[in-house]
Structures are given as C-alpha cells and as structure tokens.
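It should be emphasised that the depicted structure is a prediction, and the values quoted were computed from it without experimental measurement. Side-chain atoms are counted along with the backbone in the values below, which use heavy atoms only and exclude waters and symmetry mates. We number each residue from 1, following the sequence as shown.
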Amino acid sequence: MSLSRAFAAAALVVAGSVGAASAAEIVVKTLNSGPGGSMVFDPSFVKIAPGDSIKFVPQDKGHNVESIKGMAPEGADYVKTTVGQEAVVTFPKEGIYGFKCSPHYLMGMVALVQVGDKHENLEQAKAVQHGKLAQKRFDPLFEKVQ
C-alpha cells in the first residue's frame, strides 16, 4: 500500500470514530411523580441531533415508551418498549417524535422529542388528536420546538 493510500485509510478510520464518539445519549426518566406533576417523563421535551440516543429509564415500575401514530417523520421506526425495562432508542432521522407511556396515556403521560432543526412533520404531529390531559401537556411542549 502506498503512503498516500495508508494515510487516506487512516484518515477515514479517525473520521469514522470521531463521528461515532460525538453521538450523545440523553437519559429520560419515567416517573409516577415528578417536575410536571404525576405520571411524567423527565424531561418531557428533548432536543437532540440526528444519530443521538435517548435512554428511557423507568424510575417507577409500570411505565413504558411507545410511539404515537402520526407523530414521527415518515419512515421512522416505531418504538414500543417493555413495561418496566430500560431501553435505548437511537434517532437517525430529523423531525418531531411524540411518545406516550401506554398504561398512563389517558393520564397525560407524554413526551416530545425534536431531532435536528428540520421538523417538516411538525404540523402533522400537532394535528394528532389526544385525550384532554395528554393534549394539555403537549401544547406547551410544542412551544419549545425551535
């Protein structure tokens, strides 16, 4: 292998490892009681970069995380975690994602994730109908989208 090819190969390896090292993992807790009241995600709004992950950690048993239909960019993976189990979800696609705790959705247990700065599905996500308590919690979360 020539010196220039070896240098180019080494540069690709370094560039690839820098990209992987820059991805962040944010922790979101699921709580019976927290800063936003009862049955909450903490934090309930997260802005991350494409490729970042969220580690959903049930602090109290009986919680899970599930995508809300219509509240994700087209082609995004559907998420449904096991009740009471930690799960890490990686977000490669920019957009707005809405989540619920399936057992406590009627009690307003929802979260909103903004991935990147392109949120072409914002109006679609806002148009999704929820129960009264979930809608009451989503309204201020949507105001945080930048």
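- Residue pairs meeting the salt bridge (charged side-chain N to carboxylate O under 4.0 Å, His left out) criterion with at least one member in residues 34-44: none, sequence neighbours excluded.
- No donor-acceptor distance shorter than 3.5 angstrom exists from the side chain of Glu120 to the backbone of Gly95, with no hydrogens or angles considered.
- Each salt bridge (charged side-chain N to carboxylate O under 4.0 Å, His left out) pair with one or both residues in residues 24-41, not counting sequence neighbours, would appear here, but there are none.
- When every heavy atom of Leu31 is checked against every heavy atom of Pro35, the shortest pair comes out as CD1-CD, 4.3 Å.
- Environment of CG in Asp77: sparse, with no more than 12 heavy atoms of neighbouring residues, nucleotides or ligands closer than 6.0 Å.
- Think of Leu112 as one node in a network of Ile, Leu, Val, Met, Phe, Trp and Tyr side chains linked at under 4.5 Å; its network also takes in Phe45, Ile68, Met71, Ile96, Tyr105, Val110, Leu122, Val128, Phe138, Leu141, Phe142, Val145.
- Under the side chain to side chain donor-acceptor pair (under 3.5 Å) criterion, Asn121 pairs with no residue, sequence neighbours left out.
- Within the structure, the ring pair (Phe, Tyr, Trp, His ring centres under 6.0 Å) test picks out the following pairs touching residues 59-78 (sequence neighbours left out): His63-His104.
- For the residue pair Pro92 and Pro50, the shortest heavy atom distance occurs at O-CB, 3.7 Å.
- The side-chain contact (heavy atoms from CB on, under 4.5 Å) search around Pro103 returns Asn64, Val83, Cys101, not counting sequence neighbours.
- When all heavy atoms of Gln124 and Gly70 are compared, the closest pair comes out as NE2-O, 3.1 Å.
- Asp117 meets the salt bridge (Lys or Arg N to Asp or Glu O under 4.0 Å) test with Lys47; sequence neighbours excluded.
- Under the 4.5 angstrom side-chain criterion for Ile, Leu, Val, Met, Phe, Trp and Tyr, the cluster partners of Ile26 are Val28, Met39, Phe41, Val46, Ile48, Ile54, Phe56, Val65, Val79, Val89, Phe91, Tyr97, Phe99, Met107, Met109, Val113, Val115.
- Annotation: side-chain hydrogen bond (donor to acceptor under 3.5 Å, both in side chains) contacts involving residues 137-146, sequence neighbours excluded, comprise Gln135-Asp139.
- With sequence neighbours excluded, the residues that form a salt bridge (Lys or Arg N to Asp or Glu O under 4.0 Å) with Glu86 are Lys55.
- Applying the side chain to side chain donor-acceptor pair (under 3.5 Å) criterion to Thr90, with sequence neighbours excluded, gives Ser53.
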